[in-house]
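A quick write-up on the structure given underneath.
Only this structure's heavy atoms are used, side chains among them; waters, hydrogens and symmetry mates stay out.
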Amino acid sequence: MKMWSVKIILLLAVPMLVWLSCAEPAPSNYAFSLPTVNGEETLEVITWNLRFFPQNGVEEVNRVIMLLDSLNADVVCLQEIDQMSQLVRVANALPQYDLIQSIHTDYLMLGILYKPDLLVPLDTSELFPDESYNFAGRFPLQVKFARQVDSTDYHFTVINMHLKAMGDASSIQRRHNATTLLHDYLSDVITTTEDTNFVVVGDWNDDLSTSSGATSFTAFMSDTENFYFTTWDLAWAETDEADSYPGWSSFLDHILISRALFDENKTAVTRTLKLDDYISDYFSLVSAHRPVMFRFEPLLD
């Protein structure tokens with residue numbers, strides 16, 4: 001599998017504020033007042049649908065560069081990339097990141113930005129190559145990472161995906177089929193080979209708190225012994241304040257973990273990053289989706 005490594009060095013650095021109380025400020029290459037999510041002892045995984053990126057051309061590209069640089073997460077999983085060359089341009093402008101991109105997806109591609117100084121990608125693959133219909137032609141992008149924790153390799157696997165949209169019966173069934181395939185695959189890995197730390201993120205295109213979501217995600221919602229949506233409480237919140245897709249008052253961008261991460265989840269943080277609180281034109285310029293973050297401290301066995 002081909003992986004792209006792209007870097008340049010920029011000159012200007014300014015300190016950032018702190019998004020979470022236990023995070024340390026990280027330097028930014030851009031004069032942009034947005035809090036960081038990065039912590040010294042934690043791993044941060046963000047999922048973010050960028051909506052036909054870059055629908056608004058150079059201005060949107062530059063804004064995404066500033067946002068990513070300021071947030072400074074360890075792993076950022078991006079969906080709905082219309083022009084991969086422009087995401088490469090984003091990665092070129094961020095010296096802290098390398099980019100892994102989907103190869104086989106031809107429309108609305110996937111990308112994963114990660115910090116090579118912190119993480120080593122051990123294996124990259126695109127899952128279910130024979131299931132284009134159920135996965136809407138967007139094959140889940142899987143990367144197994146290693147990070148040093150107390151001089152020991154800590155392994156975790158990220159899967160970035162973008163399921164079929166729309167609320168018609170056919171689309172719901174395709175999401176159901178896709179998540180059932182994914183559930184069976186993950187179950188096989190954690191029960192027959194190794195109990196892997198799986199973090200499955202992306203635009204799942206359905207809300208856990210709806211009847212359609214219950215149908216779309218039956219396999220995972222029925223297997224609470226082995227899997228957990230860390231976005232469950234956000235999706236079921238009484239208010240829509242933290243919705244990941246506020247235009248339709250719904251929560252579509254989920255994070256699922258496997259049982260090996262249940263202990264880490266006891267102190268983890270799952271949060272919708274309300275970038276629109278800082279940027280008045282966020283929804284018109286950048287995306288209809290807000291990014292969602294899973295922030296956890298790796299625990300060795």
Verify, without hydrogens or angle tests, whether [X] (side chain) and [Y] (backbone) share a donor-acceptor contact under 3.5 angstrom.
X: R63; Y: L285; answer: no
X: Q101; Y: M84; answer: no
X: S171; Y: A165; answer: yes
X: S70; Y: L67; answer: no
X: E126; Y: S102; answer: no
X: R259; Y: I190; answer: yes
X: T215; Y: S211; answer: yes

Side chains of [X] and [Y] only: does a donor on one sit below 3.5 Å from an acceptor on the other?
X: S209; Y: D207; answer: yes
X: S212; Y: D206; answer: yes
X: Q96; Y: D117; answer: no
X: T157; Y: Q142; answer: no

Check ring pair (Phe, Tyr, Trp, His ring centres under 6.0 Å) between F139 and all other residues, then give those that pass, not counting sequence neighbours.
-> none

Take the angle between the ring planes of F296 and F294 and call it parallel below 30°, perpendicular above 60°, tilted in between.
-> parallel

Minimum-distance pair of heavy atoms, taken over all atoms of T272 and A242 |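 Minimum heavy-atom contact is OG1-O, 2.7 Å.
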
All pairs passing salt bridge (charged side-chain N to carboxylate O under 4.0 Å, His left out) where residues 128-137 contributes a residue, at least two apart = none

4.5 Å side-chain heavy-atom contact, L182 and P140 | no

Under 4.5 Å between any side-chain heavy atoms of V45 and D74, yes or no?
->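 No, their side chains stay 4.5 Å or more apart.
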
Evaluate the criterion side-chain contact (heavy atoms from CB on, under 4.5 Å) for residue pair N205 and K164; output intermediate values, then yes/no.
-> CA-CA 7 Å; N205 261 317; K164 177 69 175 66; over 6 Å; no

Could you list the residues that satisfy salt bridge (charged side-chain N to carboxylate O under 4.0 Å, His left out) with [X], not counting sequence neighbours?
X: D276; answer: R290
X: D82; answer: none
X: E241; answer: K274
X: D240; answer: none

Non-neighbouring partners of [X] that pass side chain to side chain contact (heavy atoms under 4.5 Å, CB included), sequence neighbours left out:
X: D123; result: S125, K144
X: T267; result: none
X: L299; result: D263, E264
X: S170; result: Y133, D168, R174

Do the side chains of M166 and L252 join up, straight or via other hydrophobic residues, at under 4.5 Å, putting them in one cluster?
->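 Not linked; separate clusters.
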
Is it the case that one hydrophobic cluster holds both I81 and L108, taking links as side-chain heavy atoms less than 4.5 Å apart, direct or via other members?
->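 No, no single cluster joins them.
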
Verdict with reasoning, L186 to I159, per side-chain contact (heavy atoms from CB on, under 4.5 Å) = CA-CA 11 Å; L186 296 176; I159 297 177; 3.8 Å; yes

Quick one: OG1 on T193 to CG on D188, what's the gap to the nearest 0.5 Å?
->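 Reported value, rounded in 0.5 Å steps: 6.5 Å.
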
From L275 atom CG to L71 atom CG, the distance as rounded to the nearest 0.5 Å = 6.0 Å

Who passes side chain to side chain donor-acceptor pair (under 3.5 Å) against N49, sequence neighbours left out?
-> E80, D203

Let me see the working for L256 and H183 under side-chain contact (heavy atoms from CB on, under 4.5 Å), right down to the final yes or no.
-> CA-CA 11 Å; L256 178 88; H183 171 270; over 6 Å; no

Pair L273-W48, side-chain contact (heavy atoms from CB on, under 4.5 Å): steps then yes or no | CA-CA 10 Å; L273 304 182; W48 193 6; over 6 Å; no

Could you tell me whether Q148 atom CD has more than 12 heavy atoms of other residues or ligands within 6.0 Å of it?
->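 It does: Q148 CD has more than 12 such atoms within range.
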
Please say whether more than 12 non-hydrogen atoms of neighbouring residues, nucleotides or ligands are located less than 6.0 Å from CG in D150.
->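 No, the 6.0 Å shell around CG holds no more than 12 heavy atoms from other groups.
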
Determine all donor-acceptor pairs shorter than 3.5 Å in which one atom belongs to a side chain in residues 227-236; sequence neighbours excluded.
unit_1: T230; atom_1: OG1; unit_2: T270; atom_2: OG1; d: 2.9
unit_1: T231; atom_1: OG1; unit_2: H254; atom_2: ND1; d: 3.0
unit_1: T231; atom_1: OG1; unit_2: I255; atom_2: N; d: 3.4

